[in-house]
Q: 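Below you'll find the structure I mean.
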Amino acid sequence: MSSADKEFVKEIARRDEDPSQWYVDVIRKAELADYTPVRGCMAIRPYGYAIWELMQAGLDRRIKETGHQNAYFPVFIPESLLQKEADHVEGFAPEVAWVTHGGNEELTERLVVRPTSEAIICAMYAKWIQSYRDLPVLINQWANVVRWEKVTRPFLRTTEFLWQEGHTAHRTSEEAQEEVMRMLEVYRDFVENDMAIPVVPGRKTEREKFAGAHATYSIEALMQDGKALQAGTSHNLAQHFARVFDITFLDEDGQLKYVYQTSWGVTTRLVGALILVHGDDRGLKLPPRIAPIQVVIVPIAPKKARETVLAKASELEARLRNAGFRVHLDDREEYSPGYKYNHWELRGVPLRLEIGPRDIENNQVVLVRRDNGEKLFAGIDGLEEALPGVLDAIQRDMLAAARKFLDENSRPAADMAEMEKIITEKRGFVYAWWCGDEACELEVKERMSATIRNIPLDQQAARQKAPAAAKCVHCGKPAAEVAVFARAY
RNA sequence: CGGGGCGUAGCGCAGCUUGGUAGCGCAUCUGGUUUGGGACCAGAGGGUCGCAGGUUCAAAUCCUGUCGCCCCGACCA
């Protein structure tokens, strides 16, 4: 950013000077969220919630297209239920909130505020599933969950957060595994195509997998500060929960069997990813598909031409709204055009449409792209036909820019020294061979606080980013898989 | 949960060392003039100085405790 540009941004910290302050400033000044009297809990403001609603819409459509239905389960889970699955309770116990009283009376059994809903949903599935004809059960829930985190950050890690959690039950192991991969792909498709955030799909290590899962898969994104962010997870629960919750069905062959289950989720954390991947020194930068306002109209209305310009701007607004665009006319009289430019840039509106007396004379408007600052002219007639192309280009270019950053910050490391140098000096994704031994994974973590984000599903592509020799980055023994290491949020 | 930093008007800060009637910039409100990258003039409103104790004739200032936020580590979406 040039020093001339710097003048335009007075409200937020410079991203390169104080990235953490920048992140918080963007959230507060763009009115996405604010701190509340409750530690670790934020209020999501209308503009931030509108983004989440668009994300919900994109995900919900895909979830339903893949055969799932929405349902709702209780926010409270009896202690005994949570404790049924040993790994599960061990994983979540440190971060659950307890309800001990109802009114003034102490409860005979404590309740946990759900940190995730496996337990309560499994209890219901045990009642609902009798026969192989009842399978598969394909249910999704939109809900809030609570995890008593020690360190919180708006959107990235809050005590209470919003998410969607899918919970499915299947007849066979193969079917469950297909479901796990199907939903991981749904997430990849949504995050890349709607949010313009490129991700690496892969399998989590034993150490990093979900508490109680047989296997966990994730999509991992890379933030502009070089830290990784888990953007979505999909778990194969196998029969772990079915056995303890006694979810059985009578199969075609007359045998009583346990179901195979999956669960998968994404959260409001994705809003944080949006900020960290696309944001710049001017603030938020939203991809058109999830921008609450895709086009903001800023009239240039000097006194002499006020009526003419405002009438035309208003007419344009109506036309674009009818054509299906999310459009906003900023006709406030008390602010100058320049102020409005900054105002909407801070809020990440993908496209600004300026219309003034000179434009009206020429029967045109000025379009300015938020993603690259490019200024275009478009005829007023047929504007509806011209806009989709521009918005699509912004969507596409934002993904391309993020992918370029991801590629440029994906580096190979053959040994610990190389890994450490990259992790400490450049960060980003490090592609390295891993023998599969947890001790090697742990050693990397202890020496440079980087973890294995996942083992990419596309090993062929991963190998091209890794050193040629298939030797474990730590112990040097022959390794079969390439893993992605990074410092993570 | 350990180490460090910060809490003074909506936002950003000064004042604290050396106790003595709470200030600045931006924002807000009113009136007027303005409008192609954060307009100008005039006037006005707004703070029990995070909270609770203590010391003192007197506390934003000194002491103790506590809560919150930020940063760096350990645990997690």
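A, B, ... follow the sequence lines: proteins, then strands. Residue 1 opens every chain. For the numbers below, each heavy atom of this structure counts, side chains included, while hydrogens, waters and symmetry mates do not.
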Q: Using whole Å, what does the distance between atom P of nucleotide B/G36 and atom CG of A/L367 come to?
A: 19 Å
Q: Which atom pairs, donor and acceptor, lie under 3.5 Å between side-chain atoms of residues 289-313 of chain A and protein residues at least two apart or in another chain?
A:
| from | atom 1 | to | atom 2 | distance (Å) |
| --- | --- | --- | --- | --- |
| A/R289 | NH1 | A/N193 | O | 2.8 |
| A/Q294 | OE1 | A/R326 | N | 2.9 |
| A/Q294 | NE2 | A/P288 | O | 3.1 |

Q: Please list residues of residues 197-214 of chain A whose heavy atoms come under 4.0 Å from any atom in RNA chain B, ordered by number; otherwise none.
A: none
Q: If you round to the nearest 0.5 Å, how far is CG of A/L284 from NZ of A/K29?
A: 14.5 Å
Q: Going by side-chain hydrogen bond (donor to acceptor under 3.5 Å, both in side chains), name the residues that satisfy it together with A/Q164, two or more places apart in sequence or in a different chain.
A: A/N140, A/Y187
Q: Would you mind classifying the nucleic acid contact of A/P299 as base, sugar-phosphate or nothing, using non-hydrogen atoms under 4.0 angstrom?
A: nothing
Q: By nearest atom, which of the nucleotides B/C70, B/C75, B/G38 is closest to the A/E149 side chain?
A: B/C75
Q: Under the salt bridge (charged side-chain N to carboxylate O under 4.0 Å, His left out) rule, collect the residues that match up with A/R358, sequence neighbours excluded.
A: none
Q: Expressed as a whole number of Å, how far does the C1' atom of B/C11 sit from that of B/G47?
A: 14 Å
Q: Can you tell me how far P of B/G37 sits from CZ of A/R352, to the nearest Å?
A: 9 Å
Q: Report yes if at least one side-chain N or O of A/K340 is closer than 4.0 Å to OP1 or OP2 of B/A39; otherwise report no.
A: no
Q: In whole Å, I'd like the distance from the CZ atom of A/R157 to the C1' atom of B/A74.
A: 12 Å
Q: Should B/U30 form a Watson-Crick or G-U wobble pair with both distances under 3.5 Å, which nucleotide is its partner?
A: B/A42
Q: Can you list every pair that meets salt bridge (charged side-chain N to carboxylate O under 4.0 Å, His left out) and has a residue in residues 69-78 of chain A, with sequence neighbours left out?
A: none
Q: Between B/G37, B/C1, B/G36, spot the one nearest the side chain of A/V151, thanks.
A: B/C1
Q: Expressed in whole Å, how much space separates the C1' atoms belonging to B/G3 and B/U48?
A: 34 Å
Q: State which residues pass side-chain contact (heavy atoms from CB on, under 4.5 Å) with A/R39; sequence neighbours excluded, sorted by chain then number.
A: A/W148
Q: What pairs of residues pass the salt bridge (charged side-chain N to carboxylate O under 4.0 Å, His left out) test when at least one of them lies in residues 212-221 of chain A, not counting sequence neighbours?
A: A/K204-A/E220, A/E220-A/R453
Q: Which part of the nucleic acid does A/L156 contact within heavy-atom distance under 4.0 Å: base, sugar-phosphate only, or nothing?
A: base
Q: Hunt down the Watson-Crick or G-U wobble partner of B/C57, both distances under 3.5 Å, from any strand shown, or write none.
A: B/G20
Q: Enumerate the residue pairs fulfilling salt bridge (charged side-chain N to carboxylate O under 4.0 Å, His left out) with a member in residues 143-154 of chain A, sequence neighbours excluded, ordered by first and then second residue.
A: A/E149-A/R157
Q: By the 4.0 Å heavy-atom rule, please label A/T158 as base, sugar-phosphate, or nothing.
A: base
Q: List every contact pair, protein side and nucleotides 24-34 of chain B side both N or O, where the distance is under 3.5 Å.
A:
| from | atom 1 | to | atom 2 | distance (Å) |
| --- | --- | --- | --- | --- |
| B/U28 | OP1 | A/Y335 | OH | 2.6 |
| B/U34 | OP2 | A/K303 | NZ | 3.1 |

Q: Using the salt bridge (charged side-chain N to carboxylate O under 4.0 Å, His left out) criterion, which residues pair with A/R487? Sequence neighbours excluded.
A: none
Q: Looking at B/G36, B/C76, B/G37, which one has an atom nearest to any side-chain atom of A/N342?
A: B/G37
Q: Classify the ring geometry of A/W163 against A/F161: parallel below 30°, tilted from 30° to 60°, perpendicular beyond 60°.
A: perpendicular
Q: Please verify the inter-ring angle class for A/F245 with A/F241; under 30° counts as parallel, over 60° as perpendicular, anything in between as tilted.
A: parallel
Q: Taking atom C1' of B/G73 as reference, at what distance in whole Å does atom CD of A/E446 sit?
A: 13 Å
Q: According to a strict under-4.0 Å criterion, is A/Y35 in side-chain N/O contact with OP1 or OP2 of B/C70?
A: yes
Q: Between B/U55 and B/G65, how far apart are the C1' atoms? Round to whole Å, please.
A: 15 Å
Q: Whole angstrom is fine here: how far is it from CD in A/Q21 over to P in B/C72?
A: 12 Å
Q: Which value, in whole Å, describes the distance between the P atoms of nucleotides B/A9 and B/C49?
A: 10 Å
Q: Of the non-hydrogen atoms in A/A378 and A/L383, which two are nearest, and what is the gap between them?
A: CB-CD1, 3.8 Å
Q: Can you tell me, in whole Å, how much space there is between the P of B/C67 and that of B/A44?
A: 43 Å
Q: For B/G73, which nucleotide is its Watson-Crick or G-U wobble mate, given both distances must be under 3.5 Å?
A: B/C1
Q: List in chain and number order the residues that pass side-chain hydrogen bond (donor to acceptor under 3.5 Å, both in side chains) with A/H88, two or more places apart in sequence or in another chain; answer none if no residue qualifies.
A: none
Q: Which nucleotide, if any, forms a Watson-Crick or G-U wobble pair with B/C6, using both distances under 3.5 Å?
A: B/G68
Q: Considering every strand shown, what is the Watson-Crick or G-U wobble mate of B/C49 when both distances are under 3.5 Å?
A: none
Q: Please list, by residue number, the residues of residues 37-61 of chain A whose heavy atoms come closer than 4.0 Å to an atom of RNA chain B; answer none if no residue qualifies.
A: A/R39, A/G40
Q: Please give the distance between the C1' atoms of B/U17 and B/U21 as a whole number of Å.
A: 22 Å
Q: What's the spacing between A/D60 CG and A/E53 CD if we round to 0.5 Å?
A: 12.0 Å
Q: Pick base, sugar-phosphate or nothing for A/S449, based on heavy-atom distances below 4.0 Å to the nucleic acid.
A: sugar-phosphate
Q: Provide, to the nearest angstrom, the distance between the NZ atom belonging to A/K150 and the C1' atom belonging to B/C69.
A: 19 Å
Q: What is the distance, to the nearest angstrom, from the CZ atom on A/R453 to the P atom on B/C76?
A: 11 Å
Q: Please state how far atom CZ in A/R153 lies from atom C1' in B/C76, giving the value in whole angstrom units.
A: 15 Å
Q: By the 4.0 Å heavy-atom rule, please label A/V366 as base, sugar-phosphate, or nothing.
A: base
Q: For A/P19, answer base if it contacts any base atom (sugar-phosphate contacts may also be present), sugar-phosphate if it contacts only those atoms, and nothing otherwise; contact means non-hydrogen atoms under 4.0 Å.
A: nothing
Q: Roughly how many Å apart are B/C72 and B/A59, using the C1' atom of each and rounding to a whole number?
A: 34 Å
Q: Could you pick out which residue, A/D18 or A/R332, lies toward the 5' side of RNA chain B when each is mapped onto its nearest nucleotide?
A: A/R332
Q: Check this one for me: any side-chain N or O of A/S336 less than 4.0 Å away from OP1 or OP2 of B/U35?
A: no
Q: Mapping A/I300 and A/R147 to their closest nucleotides on RNA chain B, which lands nearer the 5' end?
A: A/I300
Q: Side chains of A/H235 and A/T216: is there a donor and an acceptor less than 3.5 Å apart?
A: yes
Q: Report the nucleotide, chosen from B/G36, B/C76, B/U35, that has the shortest atom-to-atom distance to any side-chain atom of A/P302.
A: B/U35
Q: Which whole number of Å gives the distance between the P atom of B/C1 and that of B/G45?
A: 46 Å
